[in-house]
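The block underneath contains the structure these notes are about, expressed in structure tokens.
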Amino acid sequence: MLCLGIESTAHTFGVGIADEKGKVFSNVRSVYKPKIGGIHPTEAQAHHLEKACETISIACEQAKIKISDIDIFSFSAGPGIPKCLRVGAVACRMLSQKFSKPIIPVNHCIAHIEIGKISTGLADPVTLYVSGGNTQILAFAEGRYRVFGETQDIGVGNLLDQFGRTAGLPFPGGPEIERLALQGKKFIELPYVVKGMDVSFSGILTDCERKLKTEKLEDLCFSLQENVFAMLVETTERAMAHTEKNECLLTGGVAANKRLAEMLKIMCEERGAKFAVVPREYSGDCGAMIAWVGILEFLTQKKSDDFSARKNPSRIFITGKKYSLEQTKINRFWRSDDVEISWL
Ligand code: ATP
Ligand code: FE2
């Protein structure tokens, strides 16, 4: 069984093809890069519209399959930027209808967790999901991925990107800050904002931007990383103690950061827990993670399908499977803990 997944929540238009064993046959990305500043929704949408067909074709070519061989189509339905989300949703609906195949809307955050699990072999981890828009500590309990801690304002990736922009670094700032931090020598005191299992970054951003006038950029990058990563390690450790889970997964775009991975690894070693980080090719937004969750969901939805179809026979099914067109609406604020996980 093959699923083609489309990712378009923000800067990346990604298309991946995966099978029911989690084998990924292709994972192609086209990334919108703003000329100045952060993501401009209309420009990002224009980029995705321009690149959609080409990216889908390349993904099929690389997987050495015809698009008519695909059994299921899935797409990121949220959370994300509505203008971007719509491009993936429309492309997916068209493919699903043209080839009369099921369509599965996928939660982007859940996809970051599941691609992390299948690619690392972790079974039941506490997950630190860190990206541009999101920072959450999640663990599975009673049918859902529960959020044990999260940012109260911006995502840690946004903190890095915004600080990078103020400092005149190219977008995205995360990788540049990681590079410069290696040359930093002096630790500069910054606010350390942990509230229970939640964290907050906007005050740190303001303080760091202000200190650009008086401190060396390399030292600030070093201190910023040490400070905010310590906050994330502390809260992740607390969630592990609370849930009594002995696995920890690092996933999302910021998982590419070697220092963050190193700090979490030390914490896990001290607890005797397993630690794994999502491989680089799957850490950022990508179609493969959406394809994989499309498969997981499809393979475990049949029962509820039949039940809901009996309850409401007037629903327009595209293929006789679960989701009607009406149910493939995007949801810009779709929270990970709103998703009932049928496959666990
Ligand atoms: P989401 O919708 O999940 O919030 P996103 O739109 O932020 O996703 P991702 O590709 O998941 O997209 O993450 C991008 C973020 O990852 C950016 O903020 C970028 O700076 C950050 N990032 C990438 N590489 C590194 C790195 N080496 N160190 C720190 N941050 C990084
Ligand atoms: Fe993401």
Side-chain angles (χ1 to χ4, degrees), residues 4-16 27-34 37-52 55-56 73-96 103-116 127 129-136 138 145 147 150-151 153-162 171-172 174 201 251-256 278 282-294 297 323 327-339:
L4 181 145
I6 302 178
E7 159 57 36
S8 75
T9 53
H11 43 67
T12 300
F13 191 89
V15 180
N27 188 32
V28 181
R29 290 184 174 88
S30 176
V31 182
Y32 154 75
K33 293 215 164 71
I39 298 175
H40 188 293
T42 308
E43 279 179 15
Q45 183 186 48
H47 165 272
H48 294 352
L49 285 170
E50 192 191 324
K51 299 291 181 184
T55 314
I56 293 167
F73 293 97
S74 63
F75 69 100
S76 254
I81 301 168
K83 284 190 173 181
C84 298
L85 287 168
R86 274 187 205 110
V87 182
V90 169
C92 198
R93 287 183 203 125
M94 285 169 63
L95 289 168
S96 158
I103 182 167
I104 312 276
V106 168
N107 179 289
H108 177 91
C109 313
I110 301 293
H112 274 296
I113 302 175
E114 290 298 344
I115 196 76
T127 299
Y129 161 42
V130 275
S131 62
N134 291 286
T135 298
Q136 290 183 329
L138 306 116
Y145 282 106
V147 179
E150 63 189 322
T151 176
D153 40 56
I154 55 175
V156 66
N158 271 354
L159 160 70
L160 299 171
D161 295 342
Q162 286 192 39
F171 179 86
F201 297 121
T251 194
V254 183
V278 68
Y282 305 130
S283 62
D285 293 351
C286 65
M289 66 185 195
I290 307 303
W292 173 231
V293 175
E297 169 112 30
Y323 293 97
Q327 289 174 304
T328 65
K329 280 187 183 154
I330 60 161
N331 180 353
R332 66 181 299 190
F333 299 121
W334 197 8
R335 279 184 62 88
S336 24
D337 49 6
D338 278 344
V339 184

(Q) In terms of relative ring orientation, are His11 and Phe171 parallel, tilted or perpendicular, with 30° and 60° separating the classes? (A) perpendicular

Q: Could you tell me which residues satisfy side-chain contact (heavy atoms from CB on, under 4.5 Å) with Cys286, sequence neighbours excluded, listed by chain and number?
A: Asn27, Arg29, Tyr282, Ala288, Met289

Q) Which heavy-atom pair separates Ser76 from Glu7 by the least distance, and what is that distance? A) OG-OE1, 2.6 Å

**Q.** Residues Glu50 and Tyr32: side-chain donor-acceptor under 3.5 angstrom
**A.** no

Q | Flag side-chain contact, heavy atom, 4.5 Å: Gln327 against Pro105 | A | no

(Q) Counting C-beta onward and ignoring hydrogens, is there a side-chain heavy-atom pair between His48 and Cys84 closer than 4.5 Å? (A) yes

Q. Of the non-hydrogen atoms in Gly252 and Tyr129, which two are nearest, and what is the gap between them?
A. CA-CD1, 4.0 Å

Q.
For a quick test of reading the model, state the closest non-hydrogen atom pair linking Gly133 to Asn158 and the distance between them.
A. CA-ND2, 4.2 Å

Q: For a side-chain hydrogen bond (donor to acceptor under 3.5 Å, both in side chains) with His112, tell me which candidate from Asn107, Asn134, Asp285 qualifies.
A: Asp285

Q: Could you grab the distance from atom CD of Glu150 to atom CZ of Arg335, nearest 0.5 Å is fine?
A: 4.5 Å

Q. Between Ala255 and Val278, which heavy-atom pair has the shortest distance, and what is it?
A. CB-CG1, 3.9 Å

Q. By side chain to side chain donor-acceptor pair (under 3.5 Å), which residues pair with Arg332, not counting sequence neighbours?
A. none

Q) Measuring from Ile154:CD1 to Leu159:CG, what's the distance to the nearest 0.5 Å? A) 5.0 Å

Q) So how far is it from Thr251 OG1 to Glu114 CD, rounded to the nearest 0.5 Å? A) 10.0 Å

Q.
Ignoring hydrogens, what is the shortest heavy-atom contact between Ser336 and Ile110? Give both atom names and the distance.
A. O-CD1, 3.7 Å

Q) Considering residues at least two apart in sequence or located in another chain, which fulfil the side-chain contact (heavy atoms from CB on, under 4.5 Å) criterion with Leu160? A) Ile177, Leu224, Val254

Q) Listed by chain and number, what are the salt bridge (charged side-chain N to carboxylate O under 4.0 Å, His left out) partners of Asp338, not counting sequence neighbours? A) none

Q: Measure the spacing between OG of Ser30 and CZ of Phe13 and express it to the nearest 0.5 Å.
A: 8.5 Å

Q. Within the side chain of Ser96, is there an N or O that forms a donor-acceptor pair under 3.5 Å with the backbone of Cys92?
A. no

**Q.** Separation between CD1 of Ile330 and CZ of Phe75, rounded to the nearest 0.5 Å
**A.** 8.5 Å

Q. Do Ile6 and Ile290 come close enough that some side-chain heavy atom pair is under 4.5 Å?
A. no

**Q.** Qualifying residues under side-chain contact (heavy atoms from CB on, under 4.5 Å), relative to Ala10, sequence neighbours excluded
**A.** Ile39, Ile81

Q | Non-neighbouring partners of Thr151 that pass side-chain contact (heavy atoms from CB on, under 4.5 Å), sequence neighbours left out | A | Thr135, Asp153, Val199, Phe201

Q: Please round to the nearest 0.5 Å and tell me the distance separating atom CH2 of Trp292 and atom OG of Ser74.
A: 12.0 Å

